[in-house]
Amino acid sequence: MTGAAVWSDAVTAARLFAADPSGTGGVLLRSRAGPVRDRWLAMLRTALPPSSNVKHLPLNIADGRLLGGLDLNATLLAGRPVAERGLLAEADGGVLILAMAERLSAATTAHVTAAMDAGETIVERDGLSLRMPARFGVIALDEGADDEFASASLRDRLALHLDLNAIGVRDAEEFALDVGEIAAARARLPSLKADAAQIEALCTAATALGITSLRAPLLALRIACAGAALAGHSRIEQEDLALAARLVLAPRALVFPPADEAAQPEQPPPSTEDEADVSGGEDQTPDIDRALDEVILAAARAAIPPDVLAALRTGSVGRSRPRSSGKAGALQKSSKRGRPAGVLRGELRAGAKLNLIETLRAAAPWQPLRRREATGVGEGSRPRILVRKDDFRISRFRQRTETVTIFLVDASGSAALHRLAEAKGAVELLLADCYIRRDQVALISFRGSVAELLLPPTRSLARAKRGLAGLPGGGGTPLAAGLDAAFVLADSVRRKGQTPTVIVLTDGRANIARDGGQGRLRAEDDARSAARQLRGAGVDVVLVDTSPRPGISGEAIAKEMGARYLPLPHADAATLSKAVLASVG
Amino acid sequence: MATAFPFSAIVGQDEMKLALLIAAVDPKVGGVLAFGDRGSGKSTAVRALASLLPKMKVVAACRYNCDPDRPAEFCEDCRVRATKGGLKSAQVPVPVVDLPLGATEDRVVGALDLERALARGEKAFEPGLLARAHRGFLYIDEANLLEDHLVDLLLDVAASGENVVEREGLSIRHPARFVLVGTGNPEEGELRPQLLDRFGMSVEVKTPDNLADRIEVVRRRDAFESDGEAFVAKWAKDEAKLRKKIVGAREKLSSVSVPDVTLELAAKLCMALGTDGLRGELTLMRAARALAALEGAKTVTDDHLRRIAPSALRHRLRRNPLDDAGSSVRVDRALSEVLG
């Protein structure tokens, strides 16, 4: 698609979303920050009703601000607990914009998605127990680079997925949105309903495209309704369904549907007793269904970019599990600030975190007494609540920094022959242990001429196992590239406030240089300099020599890294994992 | 939300629905964990449970949902009030209490009532979510994302059936027995093994892969969203039927017999799978009995055992990362070995 075509879809998406923000869930806007994105957001703003709230959710929002809690000022003034609404409740009836959605913590994402599902927020905090309406549409700004994505649970709930990265400012010409038309569509929306055949057609198309989640056809339905409302249709037309297929289903497609429509929809089984009621008694003739399916599929097919199409044809995407879900947690990161470890009576020194609620609780029982003592002392200016120094309570957190264990596995020919299977086994055993300690693991392999991140830091054993299962062996030993990759990952782990540990499984015999060139000498040189880089960063490294005859090369590299060296000539997976554990502690 | 999607209108998901019904019949089976695909209706099913369950009898105005028929388990307040004569009882809906992820500890276990403390200088206890969930269900969506310190609290209370509060000069204990229900997606992270262990049953939830079912799910969901009340009304009869079934099963439960041979089979099955402790056998037996009661059977049969074994045992297997087969497959294997 050309940039202009993408932009025109983006404009359509803005209109559809504006017509039904909470019904469509929202828009995933994958785009770098820049004029194109700004223009789209500005356009959206004009399309929304002037009264609607537009709230921005910053990346590192505190739970209290997001969900609501006790309002400090108001509580002190009133002398009784006063609740403060959180951002989710404030966005009710409007739009919530998520900044850097690809980096949103799992917990924050869960709060947002829970509110989206229930249309309300449930607050159980600071002595308050509240339910507040929270119906809003979400704009998730995803600035992710190649492998970074907003979490799958969020994407699943947003009808429209846009990618504006490919288009230039010149393509993004300003469209004059007809605000009146959108308002009229909003009013028309409740009267629009899909009939049974249309629902069936959307489901069939979604299945043919390999989409597992049932939210996709449901959201496509919402978009079809919004599309019909915008077009001024009195009922949902084929073109509305086609629009929904193009904008909602196509971006989620995992399988390219065969053009000759070999996979015919199965005939629905004899209807159960209630089915007829629910469908509204509409008769469905299979012929019409088929035609409708074909229209929808054709629309979706046309919207799937040709390069993706080629990849699908070569079969890189199996029909097994949706790959996208695997990438979901790529950015899952812990935003733990240590677990609360109780409160302490104490002074407010720098860095101490006042626990307001506990402070007030400590002060509360003394109020009548203090008030009596304080009579006569400037009646008018006296605060409603008399808090004394003794009452101050400080939150204590037990900082438990998470460890991310990065496995760097040599999958080159020399290693593959001997030890790859063992290494895999050992990694899995270690994974199981990391899992018990709630640490995270990541996996990088190197072979041929490059290193590859097979598994971004995760706690999910299921995902890790999948990553390992597909680990192929063979080719050269680009040790330098592997160590570099480990260094980069360790660095990013550290920036998230976690502690990286690198476990290298290799025979240490580098033969591919950093630039991919052959030649043992240069390769070893590069490996040594990569190793020094790791040592310079002060990363904990364990080198497991997987060579059948552990020798000088492994030990030398370990020394350069300041790593613990574990020669394991005849280890099976279990011994290996035990040895590594013992040495990591 | 005012109206919940009717339980009986949920398409497919038979294993999850059965597990929830079993927990409703016999809370002693110890809770349900539903892990699986996004958008497959896990939370919908749990929320649907609240309006499905028959009402329960409580001491009127008791903050801990005390059962008037069990004076031995009364809370402090009820004990005092009982001595002064006649406690009134009331019928209330069975609580299905949400434990939201961002909850703070004071709201979970209960704490000094800030309102009364500030306004009147009184030291009074304000019960938390655990008190509210007593004799009902405590529901954690995205259970794998729950913060560790809250998990610790839950483990403690779930084990003892009692909530002990010692804070801010308060010293209070009250009964807190609830069915723990958790949902989540394994892609977001694993559940802590200790918590996993607390669940009596664990079910794997998958999006239906059969087209007709998928269409039916979307159709019903759409009908519900466009007119919730009409939809609920349409399903009221089925809901009532199911409710009656639960009530009937609860009454029958104690009279369902478990033959020795069946018990032996259950033990053999657990041994074959190498489950830790005896909790596996116990849950297996209880769940099979509740299933039999639901179906109006007088005795637990091998078939009941077979059908319930995957839910009762799959999360109790020792982890063997080298075995690529999922837990369900391993349970199936053991089943065919033991039961033939």
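Labels below follow one simple rule: chain letters A, B, ... track the order of the sequence lines, proteins then strands, and each chain is numbered from 1. These values consider heavy atoms only, across backbone and side chains, with no hydrogens, waters or symmetry-generated copies. Model, not experiment: these values are computed from the prediction.
A heavy-atom distance below 4.5 Å is not found between the side chains of A:S129 and B:E126. Using a 4.5 Å heavy-atom threshold, the side chains of B:D222 and A:R222 count as touching. Contact check for A:L202 versus B:V218: no side-chain heavy atoms found under the 4.5 Å cut-off.
Interface remark: A:L214 contributes backbone and side-chain atoms alike to the contact with chain B (heavy atom separation under 4.5 Å). The contact between B:T207 and chain A is made entirely by side chain atoms (from C-beta outward), counting heavy-atom distances below 4.5 Å. Only the side chain of A:L67 has a heavy atom closer than 4.5 Å to any heavy atom of chain B. Of the atoms belonging to A:L128, it is backbone heavy atoms, and not side-chain ones, that fall under 4.5 Å from chain B. If you measure heavy-atom distances from A:I211 to chain B, the contacts under 4.5 Å come from the backbone alone.
In terms of heavy-atom pairs under 4.5 Å with chain B, the best-connected choice from A:R157, A:R215, A:E124 is A:E124. Ranked by non-hydrogen atom pairs under 4.5 Å with chain A, the options B:L150, B:N185, B:L129, B:V217 are led by B:L129. Heavy-atom pairs under 4.5 Å with chain A peak, among B:P100, B:G102, B:A230, at B:G102.
Remark: B:E105 does not engage A:R125 in a salt bridge, criterion side-chain N to carboxylate O under 4.0 Å.
Partners of B:D141 under the salt bridge (charged side-chain N to carboxylate O under 4.0 Å, His left out) rule, at least two apart in sequence or in another chain, do not exist in this structure. For B:E15, the salt bridge (charged side-chain N to carboxylate O under 4.0 Å, His left out) partners two or more places apart in sequence, or in a different chain, are B:R314.
Rounding to the nearest 0.5 angstrom, the gap separating the CZ atom in B:R47 from the CG atom in A:D117 is 8.0 Å. Taken to the nearest 0.5 Å, the CG atom of A:D195 stands 9.5 Å off from the CZ atom of B:R219. Here the straight-line distance linking atom CG of A:L221 with atom CD of B:E225 works out to 9.0 Å at 0.5 Å rounding. To the nearest 0.5 Å, atom CG of residue B:D227 and atom NZ of residue A:K193 are 7.0 Å apart. Rounding to the nearest 0.5 Å places OG1 of A:T109 at 9.5 Å from CD of B:E142. Here the CG atom belonging to A:L189 is positioned 11.0 Å from the OG atom belonging to B:S226, to the nearest 0.5 angstrom.
A donor-acceptor contact shorter than 3.5 Å is absent between the side chain of B:R214 and the backbone of A:P217.
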